[in-house]
**Student:** 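The structure under discussion is supplied below as C-alpha cells; questions concerning it will follow.
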2 protein chains.
Amino acid sequence: MNKRATLKDIARETGVHVSTVSRALDPKRDTPLSEDVVVRVRDAAERLGYRPNRIASSLRTRKTMTIGVVIPDITNPIFPPIVRGIESVMEPRGYASIIVNTDSQRGRDKRLIEILLDRGVDGIIHTAVLLEDPTIVKVARSGLPVITLNRKIEGTGIPYLINDEEDGIRKVFSLLYNHGHRRIAHLAGPLELSTGQLRLDAFRKAATDMGLDSGALAIAEAEQFDEQGGREATAKILAQDPHTTAILCANDRLALGAIDHCAAVGLACPDDISVTGFNDMPFLDMIPPRLTTVRIQQFEAGAAAAGLLVKMLSGQGGDVPGETILPVQLMERDSVSAPRADGIRS
Amino acid sequence: MNKRATLKDIARETGVHVSTVSRALDPKRDTPLSEDVVVRVRDAAERLGYRPNRIASSLRTRKTMTIGVVIPDITNPIFPPIVRGIESVMEPRGYASIIVNTDSQRGRDKRLIEILLDRGVDGIIHTAVLLEDPTIVKVARSGLPVITLNRKIEGTGIPYLINDEEDGIRKVFSLLYNHGHRRIAHLAGPLELSTGQLRLDAFRKAATDMGLDSGALAIAEAEQFDEQGGREATAKILAQDPHTTAILCANDRLALGAIDHCAAVGLACPDDISVTGFNDMPFLDMIPPRLTTVRIQQFEAGAAAAGLLVKMLSGQGGDVPGETILPVQLMERDSVSAPRADGIRS
DNA sequence: CGTATTAATGCAATCGATTGCATTAACGGT
DNA sequence: ACCGTTAATGCAATCGATTGCATTAATACG
C-alpha cells in the first residue's frame with residue numbers, strides 16, 4: 001500500500017538535504033556530521049520504517065550484495081549442504097545468493113551465467129562439473145570474483161577449493177588392497193564431468209602406487225551418476241573381468257547400482273564382491289549393505305569457498321590462496337570384506 | 001575489463017537517441033518505429049554485445065524479475081524437488097529466484113523476508129511452516145503477490161496450494177485398519193509446525209471416521225522432524241500403550257526413527273509392529289523395511305505454485321484460485337502387515 | 001494548397017541512493 | 001581583527017533504462 005520511505009522522505013521530515021541523510025545513515029561515513037543531525041535522521045528513519053532501496057544503491061555503487069551459485073542439480077543430495085555452507089557465510093555478511101542448476105548441460109551453463117551477470121552478481125561460486133567451462137573462465141577474466149568448488153581449471157588463475165579426492169580414492173583403494181583384493185575394478189562416472197575424470201585418474205594412480213598394473217584392471221564408464229548408470233556399467237565390468245572381486249565406484253549412487261546389479265546376477269555384497277562408494281551422501285548409512293565410502297565435508301567446503309569469495313569481494317584478492325584442499329575421511333562400513341578364498345566364482 | 005555496452009553506446013553508434021534505442025529493443029513496443037532504425041539498432045546491439053542493465057531497468061519499472069522462495073531447509077530432501085519445480089516454471093519466463101532457509105525459526109522468518117523485500121522481489125512463494133506467520137501475511141496485505149505452499153493461512157486471502165494430506169492420512173489409516181489394526185498410534189511432528197498440526201488433525205478425523213475413539217489412541221509429539229525425534233516419541237507411545245500394533249508417523253524420518261527404536265526394544269517391523277511414513281522422500285525405498293508411505297508430488301507442487309504466482313505477477317490475479325489441492329498417492333511397501341494374532345506382546 | 005492526422009523520433013524527467021565538489025559557518029592562531 | 005583551517009552541510013551529477021510529452025516530418029484529406 002503506502003510505499004516505502006526514501007531518503008527524500010527523511011530529508012523532508014528532518015529538514016536536511018538528502019545527501020546529508022545518506023551520510024548520516026552510512027555506518028562507516030568519512031564526512032563529519034553533527035551529532036544532532038545524525039540523531040534526528042536516525043530517528044526519522046526509524047519512525048518512517050525506512051529501508052534503503054538496494055536497487056538504487058546497486059545502480060550507483062555497482063554492488064548488488066548478491067552472489068551467484070552455479071551447481072549441477074540441487075536435487076542431488078550432496079549439494080544442499082554445500083549451499084547451506086555457502087549461505088552460512090554469505091548471509092550474515094548481507095549477501096543473498098541466486099542458485100542456478102545447470103543439469104550438467106553445456107548450453108545451460110552459459111545461459112545461466114548470463115542470467116547471473118544480468119542481475120549484476122558481485123561474484124560467483126561455481127561447482128564446476130564439465131571438463132571445459134569456457135564461459136566461467138571468460139567471466140573470471142573479465143574481473144568478476146569467481147571461485148570454483150570441487151574442480152580446478154588449470155592455468156586460469158581462478159582460485160579453487162577441492163576436497164582431497166585423490167587421497168580419498170587412495171584410501172579406499174588401500175583398504176581394498178589390504179583386505180586382499182587385487183582384481184579391483186573401477187566404476188567411473190561420466191568422463192565428461194570433472195569428477196568422473198578426476199576420480200578415474202586417482203584410481204589409476206593409486207593402482208600404480210600399489211604396484212598393480214592399472215591397464216589390466218577393469219574400468220567402465222557410467223553414462224550417468226545414478227543407480228541405472230551403475231547397473232549398466234557393472235554389467236560391463238563383469239563382462240570385462242568376471243573374476244573381479246571388488247568394485248571401487250566413483251560415487252555412492254553408482255555403488256548402489258553396482259550392488260543391485262550384482263545381486264541380480266547372484267553376487268552378494270560383500271560376501272562375493274566388495275563395493276565402495278564416494279561422497280557419503282545423507283541416509284546412505286541406512287541402506288544395506290552399509291556402504292564403505294569416503295566422506296566429503298560438503299557444508300565446510302561451501303563455507304570455505306564462500307570465505308574465499310568474501311575476501312575477494314572485499315578487495316583482499318591477494319590474500320586468497322590459489323588452491324585450497326579439504327581433507328576427506330574414509331568411512332568403513334559393511335560393503336567390503338576379504339575376497340572369497342575358495343575362488344568359487346566363475 | 002571493458003564494461004558492458006549501454007543504450008547510450010548504441011545510441012552513439014547508430015546516431016539516434018537513447019529513447020529510440022530503448023524502444024527499438026523493446027519487443028512489445030507500442031510506438032511505431034521505422035524498420036530501418038530498428039534494424040540498425042538491433043545490429044549495433046548485437047555487435048556491441050549489448051545486454052540490458054536489469055538494475056537500472058528495475059529501478060525505473062519497479063520490477064526485478066526476481067522472486068523469493070522461503071523454505072525451512074534445503075537439506076530436507078523434500079524441498080529440492082519443490083525448488084526445481086518452481087524454477088522449471090519461473091526460469092523460462094525470465095525470473096530468477098532467491099531461496100532462503102528459515103530453519104523453522106521465528107526470528108529468521110522475519111529477517112529473511114526483509115532481505116527479500118530489500119532486494120525488491122516481485123513475489124514470494126512461501127512454504128509456510130509455522131502455525132502463525134504474521135510477517136508474510138503483512139507482506140501479502142501490502143500488495144505483493146504471495147502464494148503459500150503446503151499450508152493455508154486462514155482468512156487472509158492468500159492463495160494457497162497444498163497436497164491433499166488429509167486424504168493421505170486417511171489412506172494410510174484405512175490401510176492399517178483394513179489390515180486389522182485397531183490400536184493405531186500417531187507419532188506427530190512438532191505441533192508448532194503446520195505440517196505437524198495438520199496431520200494430527202487428519203489422524204484424529206480419520207480415526208473418528210473409522211469408528212475409533214481417537215481420544216483413546218496413543219499420540220506423541222516429536223520435538224523435531226527427524227530420526228531422533230521419532231525414536232524419543234516412539235518410547236512415549238509404547239509407554240502410553242504397550243499394546244500398540246501400528247504407528248502412523250507424520251513423516252518418513254520420524255518413521256525411520258520409530259522403527260529404529262522398536263528394533264532396539266525387540267519389536268520387529270512389520271512382524272511385531274506396523275509403521276507408516278509420509279512424504280516418500282528420495283531413497284526411502286532402498287532403506288529396509290521398505291516403508292509404506294504417502295507420496296507427495298513435490299516437483300509438481302512447486303511448478304503449480306509457480307504457475308499461480310506467474311499469473312498474479314502478470315496481473316491476472318483474478319484468475320488465481322484461492323485454493324489448489326494436489327492429489328497424493330499411497331505407496332504400499334513392506335512396513336505394514338496384520339497385527340500378530342497371538343497377541344504375544346506384553 | 002492549407003490543415004488535420006499520423007508516423008517517427010527527440011527531450012527530459014524519473015526511479016533512489018551515492019559522492020566529489022562547493023559553500024557556509026565556526027574556530028583558532030597570531 | 002584578519003586569515004587559514006576544519007567542521008558541517010548543500011548542490012548537482014551520476015548510475016542506465018524507461019516513458020509521457022513535445023516536436024518534426026510526412027501523408028492524407030477536402
Side-chain angles (χ1 to χ4, degrees), chain A residues 2-42 44-45 48-66 94 114 117-122, chain B residues 2-42 44-45 48-66 94 114 117-122:
Chain A
N2 42 2
K3 44 199 102 305
R4 295 174 141 218
T6 70
L7 288 188
K8 203 193 270 185
D9 298 323
I10 300 180
R12 189 180 327 107
E13 194 82 357
T14 55
V16 300
H17 195 262
V18 292
S19 60
T20 306
V21 176
S22 174
R23 286 189 261 255
L25 260 26
D26 182 356
K28 55 174 195 328
R29 69 170 170 293
D30 43 352
T31 342
L33 280 190
S34 71
E35 195 52 32
D36 171 55
V37 168
V38 173
V39 170
R40 270 165 50 221
V41 167
R42 296 242 167 103
L48 298 177
Y50 171 77
R51 305 233 83 212
N53 183 326
R54 268 182 194 283
I55 311 281
S57 170
S58 297
L59 179 58
R60 176 71 221 242
T61 64
R62 308 175 154 288
K63 302 225 153 300
T64 53
M65 296 303 280
T66 302
E114 228 145 49
L117 295 180
D118 282 355
R119 287 194 164 57
V121 294
D122 295 338
Chain B
N2 42 3
K3 44 201 99 268
R4 295 174 141 216
T6 70
L7 288 188
K8 204 192 270 185
D9 298 323
I10 300 180
R12 189 180 326 108
E13 194 82 357
T14 55
V16 300
H17 195 263
V18 292
S19 61
T20 306
V21 176
S22 174
R23 286 189 261 255
L25 260 24
D26 182 357
K28 56 174 195 329
R29 70 170 169 294
D30 44 351
T31 342
L33 282 189
S34 72
E35 195 53 32
D36 172 54
V37 168
V38 173
V39 170
R40 270 165 48 220
V41 167
R42 295 242 166 103
L48 299 177
Y50 171 76
R51 304 233 82 211
N53 182 326
R54 268 181 194 283
I55 311 280
S57 172
S58 297
L59 179 58
R60 176 70 222 240
T61 63
R62 311 178 150 286
K63 302 222 153 305
T64 53
M65 297 302 280
T66 302
E114 228 145 51
L117 295 180
D118 282 355
R119 287 195 162 57
V121 294
D122 295 338

**Student:** Measuring from the side chain of A:Thr61 (C-beta onward, heavy atoms only), which nucleotide among C:dA12, C:dT19, C:dA17 has the closest atom?
**Tutor:**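 Of the candidates, C:dT19 comes closest.
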**Student:** Between B:Ile55 and A:Val16, which residue's closest nucleotide on DNA chain D lies nearer the 5′ terminus?
**Tutor:**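 The residue whose closest nucleotide sits nearer the 5' end is A:Val16.
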**Student:** Is the shortest side-chain heavy-atom distance between B:Val41 and B:Thr20 below 4.5 Å?
**Tutor:**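 When only atoms from C-beta onward are counted, B:Thr20 and B:Val41 do not touch, as no gap falls below 4.5 Å.
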**Student:** Side chain of A:Pro32: nearest nucleotide among D:dT19, C:dT9, D:dA7?
**Tutor:** D:dA7
**Student:** With a cut-off of less than 4.0 Å, is there a side-chain N or O of A:Arg60 near OP1 or OP2 of D:dG16?
**Tutor:** no
**Student:** Could you tell me the separation between the CZ atom of A:Arg54 and the P atom of C:dT18, rounded to a whole number of Å?
**Tutor:**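 Computing the A:Arg54:CZ to C:dT18:P distance gives 10 Å.
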**Student:** Taking atom P of C:dC15 as reference, at what distance in whole Å does atom NZ of B:Lys63 sit?
**Tutor:**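 The answer, rounded to whole Å, is 16 Å.
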**Student:** Between the base of D:dG10 and the side chain of A:Arg23, is there a donor-acceptor distance below 3.5 Å?
**Tutor:**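 Such a pair is found, so the answer is yes.
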**Student:** To the nearest Å, how far apart are B:Lys28 NZ and D:dT18 C1'?
**Tutor:**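 B:Lys28 atom NZ is separated from D:dT18 atom C1' by 10 Å.
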**Student:** A side-chain contact here means heavy atoms from C-beta on lying under 4.5 Å apart; do A:Leu25 and A:Arg23 qualify?
**Tutor:**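 SC-SC contact between A:Leu25 and A:Arg23 ruled out.
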**Student:** Under 4.0 angstrom, heavy atoms only, what part of the nucleic acid is A:Ser19 near: base, sugar-phosphate, or nothing?
**Tutor:**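 Here A:Ser19 touches the bases of the nucleic acid.
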**Student:** Tell me the interatomic distance from A:Lys8, atom NZ, to D:dC11, atom P, rounded to whole angstroms.
**Tutor:** 14 Å
**Student:** Contact class for B:Val37 vs. all strands (heavy atom < 4.0 Å): base, sugar-phosphate, or nothing?
**Tutor:**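 B:Val37: backbone/sugar contact only, no base atoms under 4.0 Å.
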**Student:** Nearest heavy-atom pair of A:Asp122 and A:Thr64: which atoms, and what distance?
**Tutor:**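 Minimum heavy-atom contact is OD1-N, 2.9 Å.
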**Student:** OP1, OP2 of C:dT18 versus side-chain N and O of A:Ser22: anything below 4.0 Å?
**Tutor:** yes
**Student:** Rounding to an integer number of Å, can you tell me how far A:Leu7 CG sits from D:dC15 P?
**Tutor:** 19 Å
**Student:** If you assign B:Leu59 and B:Val18 each to the DNA chain C nucleotide with the nearest heavy atom, which residue ends up on the more 5' nucleotide?
**Tutor:** B:Val18
**Student:** Using only atom types and a distance under 3.5 Å, with no angle test, would you say the side chain of B:Arg119 pairs donor to acceptor with the backbone of A:Met65?
**Tutor:** yes
**Student:** Nearest-Å distance, CZ (B:Arg51) to P (D:dC15)?
**Tutor:** 21 Å
**Student:** Mind calculating the distance between CZ (B:Arg12) and C1' (D:dG16) to the nearest angstrom?
**Tutor:**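 Taking CZ of B:Arg12 and C1' of D:dG16, I get 13 Å after rounding.
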**Student:** Determine: side-chain N/O of A:Ser57 to OP1/OP2 of C:dT18, distance under 4.0 Å, yes or no.
**Tutor:**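 For C:dT18, OP1 or OP2 has a side-chain N or O of A:Ser57 closer than 4.0 Å.
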**Student:** Of all the nucleotides listed (D:dG10, D:dA17, C:dG16), which has the minimum atom distance to the side chain of B:Thr6?
**Tutor:** D:dA17
**Student:** Going by heavy atoms in the side chains, are A:Arg12 and A:Ile10 under 4.5 Å from each other?
**Tutor:**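 No. Closest side-chain heavy atoms not under 4.5 Å.
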**Student:** Mapping B:Asn53 and B:Asp26 to their closest nucleotides on DNA chain D, which lands nearer the 5' end?
**Tutor:**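 On the 5' side of the pair lies B:Asn53.
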**Student:** Within the structure shown, what part of the strands sits under 4.0 Å from A:Ser58 by heavy-atom distance: base, sugar-phosphate, or nothing?
**Tutor:**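 Nothing, no nucleic acid heavy atom in range.
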**Student:** Tell me: NE2 of A:His17 to C1' of C:dC21, nearest whole Å?
**Tutor:** 13 Å
**Student:** Mind checking side-chain contact (heavy atoms from CB on, under 4.5 Å) for A:Thr61 and listing every partner two or more places apart, or none if nothing turns up?
**Tutor:**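 Counting only residues at least two positions away or on another chain, A:Thr61 forms a side-chain contact (heavy atoms from CB on, under 4.5 Å) with A:Ser57, A:Lys63.
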